[in-house]
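Let me give you the structure first, and then I'll get to my questions.
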Protein chains: 2
Amino acid sequence: MDAKNVNRTSLKRLSNYKNVLYKLKALGFVKVFSDNLGDAIGVSAAQVRSDLSKFGITSGNKKGGYSIDELLDNVKETLGKDEIQKVIVVGCGKMGNAIMNYSGFPVEGMRIVAGFDTNPTMVSSNERIPIYCLDEMERIVSEEKVRVAIMTVPESAAAQVFDLVQRAGIKGVLNFAPLQLRSTETCLVNNINIALELESMFYMVKYSLTRPLS
Amino acid sequence: MDAKNVNRTSLKRLSNYKNVLYKLKALGFVKVFSDNLGDAIGVSAAQVRSDLSKFGITSGNKKGGYSIDELLDNVKETLGKDEIQKVIVVGCGKMGNAIMNYSGFPVEGMRIVAGFDTNPTMVSSNERIPIYCLDEMERIVSEEKVRVAIMTVPESAAAQVFDLVQRAGIKGVLNFAPLQLRSTETCLVNNINIALELESMFYMVKYSLTRPLS
DNA sequence: TAGATTGTTAATCGATTAACAATC
DNA sequence: TAGATTGTTAATCGATTAACAATC
């Protein structure tokens with residue numbers, strides 16, 4: 001695999017291919033062409049083949065396309081879906097609770113194991129997920145071997161909580177706080193700023209830039 | 001302004017500059033250099049100047065840098081923050097309610113005017129925002145002159161609701177449903193897929209790709 | 001003035017696309 | 001076999017960065 005070209009964009013496409021493959025499989029399909037996969041997520045067939053090749057997936061059959069089962073296995077293995085991916089939610093307000101109850105996560109392979117809050121008496125509406133006090137984070141993260149956290153805290157708490165999260169040994173953060181956190185040497189941050197997304201949307205609409213977004 | 005280079009990435013950076021400028025202003029600063037702005041959001045000074053220039057903002061002063069007030073006015077005008085930006089939330093489950101109560105939106109210039117749901121008897125925890133039945137969408141959107149919607153519906157309803165949203169006259173959609181919607185000729189879609197973001201995060205962490213994300 | 005910073009142009013970098021040999 | 005599709009290489013495209021003239 002050509003690691004230098006692997007970036008968030010190509011990874012998200014790979015995840016997307018996986019979703020499409022599951023759907024095709026559910027519909028009873030057995031084979032798929034790069035052309036079909038491209039159509040399904042709105043990219044070119046060349047892009048699909050280039051992506052798969054980049055991740056070292058070359059199970060395609062000239063003329064015959066790809067076996068869905070085989071391709072799915074390869075993609076799942078590449079994305080690490082062979083093992084269960086644990087994640088914690090830090091900040092159990094409305095947004096944190098919404099994510100803890102989010103139905104869009106794939107059933108297999110991804111699991112929210114705990115929530116954390118300054119006020120842990122608030123109970124997850126999803127009773128299966130325990131909520132702890134922030135200062136128990138290091139213990140739980142270590143015990144459960146969690147490496148990824150979702151941060152849904154208010155802006156005012158974000159910087160301080162990010163320190164805590166890093167000290168707990170978390171290696172990757174999906175940050176929903178409206179504050180751009182910077183990746184450090186040991187912890188990777190992916191910022192999702194809803195206000196920013198919305199603002200860019202207003203602009204695009206205002207100037208009728210109805211071309212597809214990247 | 002050089003519209004052909006305007007894309008979501010540069011727009012989000014512009015929004016980011018605005019946030020930084022507000023913070024600097026609050027701290028009592030009067031002047032700022034492209035170098036400072038770049039540091040603040042983690043891009044180069046050249047990128048900052050290139051962005052501003054692209055949006056037709058050339059209020060900089062050689063040697064003196066930029067006046068924060070003047071630059072802020074220019075950025076706000078470019079982003080259309082001179083007028084109030086109305087938005088509706090379609091799907092008032094946990095995620096929809098979390099967004100209706102989201103504290104990260106700038107106080108000025110951005111306002112959620114209504115929520116919509118198949119079951120409109122559920123009341124917004126934020127009492128200021130009324131919740132209507134889906135079939136009232138066209139009327140409200142027209143009366144309130146809304147152009148942008150946030151979609152927080154289950155995957156199973158997404159395609160159908162997207163049709164409804166388009167028929168109501170919405171021109172831009174921020175989609176949180178775990179299903180990639182495609183932009184049409186008249187309606188621009190920005191997909192935010194939390195599961196996808198999380199999955200790419202797992203991968204990056206797994207291979208210790210702790211380089212900053214794009 | 002001398003030093004420093006902008007705005008813009010040219011150079012670089014990286015990602016997407018087109019083309020095509022290999023081959024089922 | 002002939003036609004079609006992969007995997008990869010080369011060409012293209014676009015975005016970022018470096019460089020620098022203009023100038024405060």
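Below, all heavy atoms of this structure are taken into account, side chains as well, without hydrogens, waters or symmetry copies. Lettering follows sequence order; numbering is per chain, from 1.
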Inset, instruction - Could you check whether the rings of B:Tyr207 and B:Tyr203 sit parallel, tilted or perpendicular, using 30° and 60° as the cut-offs? - result: tilted
Legend entry - Spacing of A:Leu71 atom CG relative to D:dG7 atom C1', expressed in whole Å: 14 Å
Inset, instruction - Examine C:dG7: is either OP1 or OP2 under 4.0 Å from a nitrogen or oxygen in the side chain of B:Ser53? Give yes or no. - result: no
Legend entry - Donor-acceptor pair, side chain of B:Asp51 and main chain of B:Val48, under 3.5 angstrom: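 Flag not set: sc B:Asp51 to bb B:Val48 has no pair under 3.5 Å.
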Inset, instruction - Could you check how far CG of A:Leu52 sits from P of D:dG7, rounded to whole Å? - result: 8 Å
Inset, instruction - Using atom CG of A:Asn36 as one end and atom P of D:dA4 as the other, report the distance to the nearest whole Å. - result: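 Whole-Å distance recorded here is 15 Å.
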Inset, instruction - Work out which heavy atom in A:Glu138 is nearest to a heavy atom in A:Ala168; give both atom names and the distance. - result: CA-CB, 3.8 Å
Inset, instruction - Quickly, which of A:Asn193, A:Asn191, A:Thr152 forms a side chain to side chain donor-acceptor pair (under 3.5 Å) with A:Asn175? Name it, please. - result: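 The residue from A:Asn193, A:Asn191, A:Thr152 that satisfies side chain to side chain donor-acceptor pair (under 3.5 Å) with A:Asn175 turns out to be A:Asn191.
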Legend entry - Heavy-atom donor-acceptor pair, A:Gln85 side chain to B:Glu199 backbone, under 3.5 Å: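 Not at all, since once roles are kept as given, no pair shorter than 3.5 Å links the two residues.
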Legend entry - Backbone of B:Cys92 reached by a side-chain donor or acceptor of B:Asp117 within 3.5 Å: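 Answer holds: yes.
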Inset, instruction - Please state how far atom OH in B:Tyr66 lies from atom P in C:dA4, giving the value in whole angstrom units. - result: 18 Å
Legend entry - Base versus backbone protein contacts along nucleotides 16-24 of chain D [heavy-atom cut-off under 4.0 Å; B, S, -]: SSBB--BBB
Inset, instruction - Once you apply the 3.5 Å cut-off to both distances, tell me the Watson-Crick or G-U wobble partner of C:dT17, or none. - result: D:dA10
Legend entry - Over all atoms of both residues, closest heavy-atom pair of B:Pro178 and A:Gly104: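 Closest approach of B:Pro178 to A:Gly104: CG-CA, 3.6 Å.
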Legend entry - Rounded distance (Å) that lies between atom P of D:dA15 and atom CG of B:Leu11: 12 Å
Inset, instruction - Could you tell me the separation between the CG atom of B:Asn74 and the P atom of C:dG7, rounded to a whole number of Å? - result: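 Rounded to the whole Å, the gap is 10 Å.
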Legend entry - Counterpart base for C:dA22, defined by Watson-Crick or G-U wobble contacts under 3.5 Å: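 Paired with C:dA22, as far as the under-3.5 Å criterion goes, is D:dT5.
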Legend entry - Atom-to-atom span, CZ of B:Phe55 to P of C:dG7 - whole angstrom: 15 Å
Inset, instruction - For B:Leu37 and C:dT5, give me the distance from atom CG to atom P, rounded to whole Å. - result: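 Nearest whole value for this atom pair: 13 Å.
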